[in-house]
Amino acid sequence: MEVCALKYDFASIEPKWQKKWEEAKVYAAEDSSVKPKFYGLIEFPYPSGQGLHVGHPRPFTAMDIVTRKKRMDGYNVLFPIGFDAFGLPTENYAIKNHIHPAIVTKQNIANFTRQLKMLGYGFDWDRVVDTTDPGYYKWTQWIFLQLYKHGLAYKTTMPVNWCTSCKCVLANEEVVEGVCERCGAPVIRKEKSQWMLKITEYAQRLIDDLDDVDFIERVKIQQRNWIGRSTGAEVTFKATTGDDIVVFTTRPDTLFGATYMVLSPEHALIKKWAPVLKNLDEVTAYQKAAASKSDLERTELNKEKTGVKLDGVAAVNPVNGREIPIFISDYVLATYGTGAIMAVPAHDDRDWEFAKKFGCEIIEVVSGGEDVQKAAFTAKDDTGILVNSEFLNGLTVKQAIPVITKWLEEKGIGSAKVNYKLRDWVFSRQRYWGEPIPMVWCDNCGWQPIPESELPLLLPEVESYEPTDDGESPLSKMTDWVNTTCPCCGGPARRETDTMPQWAGSSWYFLRYMDPKNDKALASKEALDYWSPVDWYNGGMEHTTLHLLYSRFWHKFLYDIGVVPTKEPYQKRTSHGMILGEGGEKMSKSRGNVVNPDDVVKNYGADTLRLYIMFIGDFEQAAVWSDNAVKGCKRFLDKVWNLAESCDASPEHTPANEAGLHKTIRKVADDIEGMKFNTAIAAMMTLVGDFQKNGCSRGDMKTLLTILSPFAPHICEELWEMLGGEGFVCQQSWPAYDESKTVAATVQMAVQVNGKVRANIVVPADADNDAIVAAAQADPKVQKFTAGMNLVKSIVVPGRLVNLIVKP
RNA sequence: GCGGGCAUGGUGUAAUGGUAGCCACGGUGGUCUUAGGAGCCACUGGAGAAAUCCGUGCAGGUUCGAAUCCUGUUGCCCGCACCA
């Protein structure tokens, strides 16, 4: 009773076509071509032990559709895939199960590869990259050496973010609300010697060059905010000890209102002043307390200001010679500006709060607000007028800033200054599973880069990958490997034992895809010139201030040293929303709401999964997974299958379907370009509904299969073959649409009377306005509302509606 | 606190300032069936017998016309957060 032979048997169709595509290499990018190039990129996955998550197919399918469409438009397309395989989860798994991370990685990559192939993505598998492959990380290390040689990599001791659980330092970007981005454990400050990369040197260019690229606005805004440019002045205050205290302020106009100063607890001058401090014990105790607080505690406690007045030293306000007290407090950050501030309690909320608690003087210097004894007046616009400020009196804030800045410069006590929130990138990790940093310490010569000819510096085999409690890398125990000779003097030397962070390998991987097997350079000049830049890069918002920023920085550096031909790596950046579990919550193992793509493919097929994940909602918004809704997409493909079996043999379009076909061809093309995949699919569903009503021909079906193929490639190949199509459907040209054929002979228009819809009329598509108005007025339903009234005005919106404005 | 976003049927959503709810899910009824968790048909924002009226978080405004633009407001989400 079941018609097995004719059923849509996705389970056998899908592997069949995956094999055929692979054999025919239909998705291989050509190294040179007469066609224009198109480089579409997705963020390469981290091959975790859990396998592909149902969140992955959303961006992957989207770019697969975009690149399939580009191929059909005649582009030479590069759509590559690889694996970002260094990193903590693999290392932790290896420790727990006593399997070498390299083996774990290999297994995970094999599983990911199987799953990605199962979903029918048109990746060029000949270009696959793996960041843990020595042939790859040789070039990651090479880039590090170039950064070092150009003064952009340096080792320094400074307070860094330390994850108490991972036993490892974190970059600023990896700390989220005071806890470790990865494991959620508290982050504390720890003084450690670390390799740093001078991303701050590129801060201004990272802001400016956003103007030249086509990134969605929220990505640009978030990057600008993260870099955090602010303009103001640096001003030098003299201490009673004769020392200079330099502060940064965005409000030099309020200098006359500076009634005290605050240093961060870590400030270097405190140590210097120890002999003159009468309350040294109190100061030291406060410093200790501040150091042991985690970032989370520091922010949680921000309601209540704390601090200690330095007894025995004071500062002099340079504009009026007044002696003012100096405090230390953890509300002043050591790592921003100069680590010291001038406090103007009348015009800064934080200073005001502190002044109230510690009884400092509050002097109004900008009038226009409420009583400054009751609240700070912080307006920076032209609402405030300077008072109590000698030569600044009467000016607005905006007018006063350049005047005082010039005055400071003339007196040699200050100058205009730009500051950024962005800090240098902490690049060392005390972990095993990462790229070794190719540096050697020699007691005579200091830090020395290893010769480029010795790259790659291989990650040695170790017995134990456990992070050590003393905060040193597991590599530090490998004395055979650590002890080496100095490349400079030949004497005994020690290797750097920290490794690079996970972000290293992903900062340049898109370049390697251009020429993945090159052993002379990270990629050949010809390949870089041909493929650069990435035309369209889609990825998650969570990488905006991590990977996306880091890779822009590396790329700019590579541009500066002549390696890459473009200032920016990516021309266009878009971002997808998250897929949430059935309850609207984030999918996670602990909630037990994770959907595995393997199960969906098994039950419904890859084409249904692809279709559903694109139909689920607005691509940029978060969307909730629904097992039920998947069925709707399966039903749609069943209908397509049945229609293909039952359609008439005519190669021509059915006249009744003509307008619908042309409209849908245009709609799907536009929607792919605009990433509105959900409405593209809705339009094709409508077309299929019309086919069911009107009947359809082989010609209708072949056009439908062509435009559906980027979304559901397997079923379209099978039916294309069944209907006698030549070659692969994925290699067809995108069908041309004829604008004139999208318009029917007559159109239905709504008739409004005084803005309310009262009737619908059908008029010839080419009717002029007068004829439309006449037809509208002739309608009996309309006349009901216009009887005895005068037509004052009429508005005609061609093809849509006519609005008659009438008055008694 | 600062920056960004969102708010439309029972649900996911759709609507170049131009007929609000396309397309799906779910639901109701019918049909076919030994059976239906398959398929097909019809209905499905609310009220009403109907004419019609009311509906896009809330309050205003601009406009012939507002889900869309403007002002204010409430609630959610995301990013940053003592950045001087």
Side-chain angles (χ1 to χ4, degrees), chain A residues 1-2 176-178 217-226 228-230 232 247-251 254 258 262 264 295 298-299 301-303 305-306 329-333 335-344 347-351 353-354 378 419-423 541-542 544-545 577-578 584 611-612 615-618 620-633 635-636 638-639 642 676 678-689 692 748-760 781 784 792-806:
Chain A
M1 105 143 242
E2 288 213 0
V176 178
E177 287 174 3
E217 203 53 33
R218 56 194 174 128
V219 169
K220 290 190 181 185
I221 289 166
Q222 213 169 296
Q223 288 211 343
R224 283 194 197 104
N225 286 348
W226 184 262
R229 181 183 203 268
S230 57
V247 301
F248 171 71
T249 177
T250 57
R251 295 291 303 278
T254 62
V262 187
S264 66
D295 284 14
R298 256 174 103 141
T299 47
L301 294 175
N302 75 19
K303 300 139 213 156
K305 296 264 183 294
T306 59
S329 172
D330 65 3
Y331 89 89
V332 173
L333 306 175
T335 47
Y336 181 76
T338 61
I341 62 155
M342 63 177 211
V344 185
H347 304 292
D348 182 279
D349 290 324
R350 297 150 301 181
D351 297 345
E353 204 187 314
F354 188 89
T378 58
N419 248 312
Y420 302 91
K421 287 189 210 169
L422 186 71
R423 290 175 226 166
M541 282 306 287
E542 70 274 18
T544 303
T545 53
M578 230 193 307
L611 210 55
Y612 174 62
F615 185 62
I616 195 166
D618 184 330
E620 294 207 42
Q621 302 289 127
V624 178
W625 179 270
S626 161
D627 278 331
N628 261 329
V630 180
K631 292 178 193 158
C633 291
R635 280 180 203 146
F636 168 67
D638 284 334
K639 279 184 206 171
N642 293 335
K676 295 166 81 176
N678 52 337
T679 52
I681 294 166
M684 289 189 281
M685 287 174 167
T686 306
L687 183 66
V688 166
Q692 286 184 311
Q748 183 183 292
M749 291 178 73
V751 182
Q752 295 182 333
V753 179
N754 291 342
K756 292 206 171 201
V757 179
R758 298 300 180 185
N760 278 296
K781 280 187 190 157
K784 208 171 131 187
V792 183
K793 193 177 171 184
S794 63
I795 296 111
V796 177
V797 183
R800 291 204 177 258
L801 61 70
V802 51
N803 190 5
L804 305 175
I805 310 305
V806 294

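The sequence lines fix the lettering, A, B, ..., with proteins before strands; numbering per chain opens at 1.
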Round to the nearest Å and state the distance from [X] atom [atom1] to [N] atom [atom2].
X: R218(A); N: G79(B); atom1: CZ; atom2: P; value: 12 Å
X: Y336(A); N: A81(B); atom1: OH; atom2: P; value: 13 Å
X: Y612(A); N: U13(B); atom1: OH; atom2: P; value: 9 Å
X: F636(A); N: C22(B); atom1: CZ; atom2: C1'; value: 15 Å
X: W226(A); N: G79(B); atom1: CH2; atom2: P; value: 12 Å
X: R251(A); N: A84(B); atom1: CZ; atom2: C1'; value: 11 Å
X: N754(A); N: U63(B); atom1: CG; atom2: C1'; value: 14 Å
X: L801(A); N: G65(B); atom1: CG; atom2: C1'; value: 8 Å

Check the angle between the aromatic planes of W625(A) and Y612(A) and answer parallel, tilted or perpendicular using the 30° and 60° thresholds. perpendicular
Partner of C69(B) under the Watson-Crick or G-U wobble criteria, both distances under 3.5 Å, comes out as G61(B)
Watson-Crick/G-U partner (both atom distances under 3.5 Å) of C80(B): G1(B)
F248(A) side chain near S230(A) side chain, heavy-atom distance below 4.5 Å: yes
[N] to [M] separation - [atom1] atoms, rounded to the nearest Å:
N: G3(B); M: A81(B); atom1: C1'; result: 11 Å
N: C22(B); M: A14(B); atom1: C1'; result: 5 Å
N: U11(B); M: G26(B); atom1: P; result: 15 Å
N: G1(B); M: G55(B); atom1: P; result: 34 Å
N: C78(B); M: C41(B); atom1: P; result: 43 Å
N: A84(B); M: C70(B); atom1: P; result: 29 Å
N: C82(B); M: G17(B); atom1: P; result: 40 Å
N: A66(B); M: G75(B); atom1: P; result: 28 Å

If you draw the axis of the six-membered ring of Y331(A), does the NZ or CZ of K305(A) fall within 45° of it and under 6.0 Å from the ring centre? yes
Minimum-distance nucleotide (side-chain atoms of [X] versus [options]):
X: Q748(A); options: U19(B), C82(B), G4(B); answer: U19(B)
X: K676(A); options: A84(B), C25(B), A15(B); answer: A15(B)
X: D618(A); options: A14(B), C25(B), C40(B); answer: A14(B)
X: K784(A); options: U52(B), A20(B), A84(B); answer: U52(B)
X: T686(A); options: C22(B), C40(B), A84(B); answer: C22(B)
X: N760(A); options: C80(B), A84(B), U19(B); answer: U19(B)
X: M685(A); options: C23(B), C25(B), A84(B); answer: C23(B)
X: K756(A); options: C25(B), C23(B), C54(B); answer: C54(B)
X: Q752(A); options: C80(B), G18(B), A24(B); answer: G18(B)
X: Y331(A); options: C82(B), U19(B), G4(B); answer: C82(B)

So, does [X] get its side chain near the phosphate of [N], meaning an N or O under 4.0 Å from OP1 or OP2?
X: S230(A); N: A84(B); result: yes
X: R758(A); N: C53(B); result: yes
X: K781(A); N: A51(B); result: no
X: R800(A); N: G65(B); result: no
X: N642(A); N: G39(B); result: no
X: N225(A); N: C80(B); result: no

Closest non-hydrogen atom pair between A750(A) and V757(A), with its separation: CB-CG1, 4.4 Å
Atom of I681(A), atom of L611(A) and distance for their closest heavy-atom approach: CD1-O, 3.5 Å
Are the side chain of [X] and the backbone of [Y] linked by a donor-acceptor contact shorter than 3.5 Å?
X: N803(A); Y: G755(A); answer: yes
X: Q222(A); Y: T545(A); answer: no
X: D348(A); Y: T378(A); answer: no

Syn or anti for G9(B) (syn when the glycosidic angle lies within 90° of 0): syn
Just checking Y420(A): base, sugar-phosphate only, or nothing, at a heavy-atom cut-off of under 4.0 Å? nothing
Would you mind classifying the nucleic acid contact of I805(A) as base, sugar-phosphate or nothing, using non-hydrogen atoms under 4.0 angstrom? sugar-phosphate
Between V630(A) and T679(A), which has a closest nucleotide on RNA chain B that is more 5'? T679(A)
Assign each of Q621(A) and M541(A) the nucleotide of RNA chain B bearing its closest heavy atom; nearer the 5' end lies the nucleotide of Q621(A)
Determine whether a donor-acceptor pair (one donor, one acceptor, N or O, separation below 3.5 Å) exists between the side chain of N803(A) and the base of C64(B). yes
C80(B) base to K421(A) side chain: any donor-acceptor pair below 3.5 Å? no
